[in-house]
**Student:** 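Can you read through this structure? Questions will come right after.
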Amino acid sequence: MSNLSVLRTYAQTSPSKLPPSVLFSSTSTSMTVFDAFPKAIFHFLILPRIQPPFTTSELSNLRTLLKGDKERAKEVITALNEDAKTLHKEIEEEMMARYGFKWGICTGFHAVPSMNHVHLHVISDDFCSDRLKNKKHYNSFHPKLGFFISLDEVLSWFEATPSYYSSMIKLDEKQYEPILKEDLVCWRCHKSMKNIPTLKAHLQEEWETQARREKAKLAK
DNA sequence: GTTCTAGAAC
DNA sequence: GTTCTAGAAC
């Protein structure tokens, strides 16, 4: 099995077949899995299951889904949104239990994904992880650069004019790929970082500062 | 997507 | 000399 299709193989099997090291939870229409290479303390993927009337190819990625039937696409994205809300609560409970405070969670899609099958990232905004190793990893999740497209943003496209919808769903690789090569900038304080090790140390400090602040607030 | 590593950057 | 990045291979 290719690395690039592993999510597709998950999405077309029964959740009961997946080991607990992979599967976090599931519903009749989706499954939530642990990202195999988490880029933050919490990092999950929500996958729509492949079952009639949906086909493997239309669920290949966000672009193929959105260029198909708009109502069907909206149905899939709306269902993912419901699952994401549930997952948010569960992550926040775990944040409190393990760390004693809550912090931000980013929910969205990569404009140009590397793996087959639609997957919604649900990732905590610390971006502190041994698995975050290069510029592409970081820039692909940076909330402001544009490569990471929030779920709310995608939902808003359905309410926009048809011409706006059709322009946004192009998700052209040539437009988005250069973002991954942009200079490293802290998404919180906007400072430029000279390299990955410096950025990682800075992100760790930012998160620890937030931890101290939030815990002090809760102790009052 | 990751791993490996040559050569650039320091 | 060591650290770090980026592209090829998988």
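Numbered from 1 within each chain, the chains take letters A, B, ... in sequence-line order. Just so we're clear, the structure is a prediction, and the values are computed from it rather than from any experiment.
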**Student:** Mind running a 4.0 Å heavy-atom check of residues 186-204 of chain A against DNA chain C and sending the residues that fall below it, in number order?
**Tutor:** A:Asn195, A:Ile196, A:Pro197

**Student:** Using the benzene-type ring in the case of Trp, are the ring centres of A:His117 and A:His119 under 6.0 Å apart?
**Tutor:** no

**Student:** Between A:Lys74 and A:Glu159, does any side-chain N to carboxylate O distance fall below 4.0 Å?
**Tutor:** yes

**Student:** Look at the aromatic rings of A:Phe42 and A:Trp103 and report parallel, tilted or perpendicular, splitting at 30° and 60°.
**Tutor:** tilted

**Student:** Quick check on the 6.0 Å ring-centre criterion: do A:Trp187 and A:Phe148 meet it?
**Tutor:** no

**Student:** Could you go through the side-chain hydrogen bond (donor to acceptor under 3.5 Å, both in side chains) check for A:Asp126 and A:Ser124 one step at a time?
**Tutor:** CA-CA 6 Å; A:Asp126 49 273; A:Ser124 54; 2.5 Å; yes

**Student:** Relative to the ring of A:Trp207, is the ring of A:Tyr99 parallel (under 30°), tilted (30 to 60°) or perpendicular (over 60°)?
**Tutor:** perpendicular

**Student:** Looking just at side-chain N and O atoms, do A:Gln210 and A:Arg188 make a donor-acceptor pair shorter than 3.5 Å?
**Tutor:** yes

**Student:** Flag the pair A:Phe141 / A:His110 as yes when their ring centroid distance falls below 6.0 Å, and as no otherwise.
**Tutor:** yes

**Student:** Would you call the rings of A:Phe158 and A:Tyr165 parallel, tilted or perpendicular, where under 30° means parallel and over 60° means perpendicular?
**Tutor:** tilted

**Student:** Under a 4.0 Å heavy-atom cut-off, which of residues 123-137 of chain A touch DNA chain B?
**Tutor:** A:Lys133, A:Lys136, A:His137

**Student:** Can you pull the contact range of chain A along DNA chain C, 5' to 3', using atoms under 4.0 angstrom from its heavy atoms?
**Tutor:** C:dC4 to C:dG7

**Student:** Under the rule for salt bridge (charged side-chain N to carboxylate O under 4.0 Å, His left out), what residues qualify as partners of A:Glu177, not counting sequence neighbours?
**Tutor:** none

**Student:** In Å and rounded to the nearest 0.5 Å, what is the SG to CD distance from A:Cys128 to A:Glu206?
**Tutor:** 9.5 Å

**Student:** Mind listing the residues from residues 113-121 of chain A sitting with a heavy atom below 4.0 Å of DNA chain B? Number order is fine.
**Tutor:** A:Ser114, A:Met115

**Student:** Looking at residues at least two apart in the chain, or sitting in another chain, which of them share a salt bridge (charged side-chain N to carboxylate O under 4.0 Å, His left out) with A:Glu58?
**Tutor:** A:Arg72

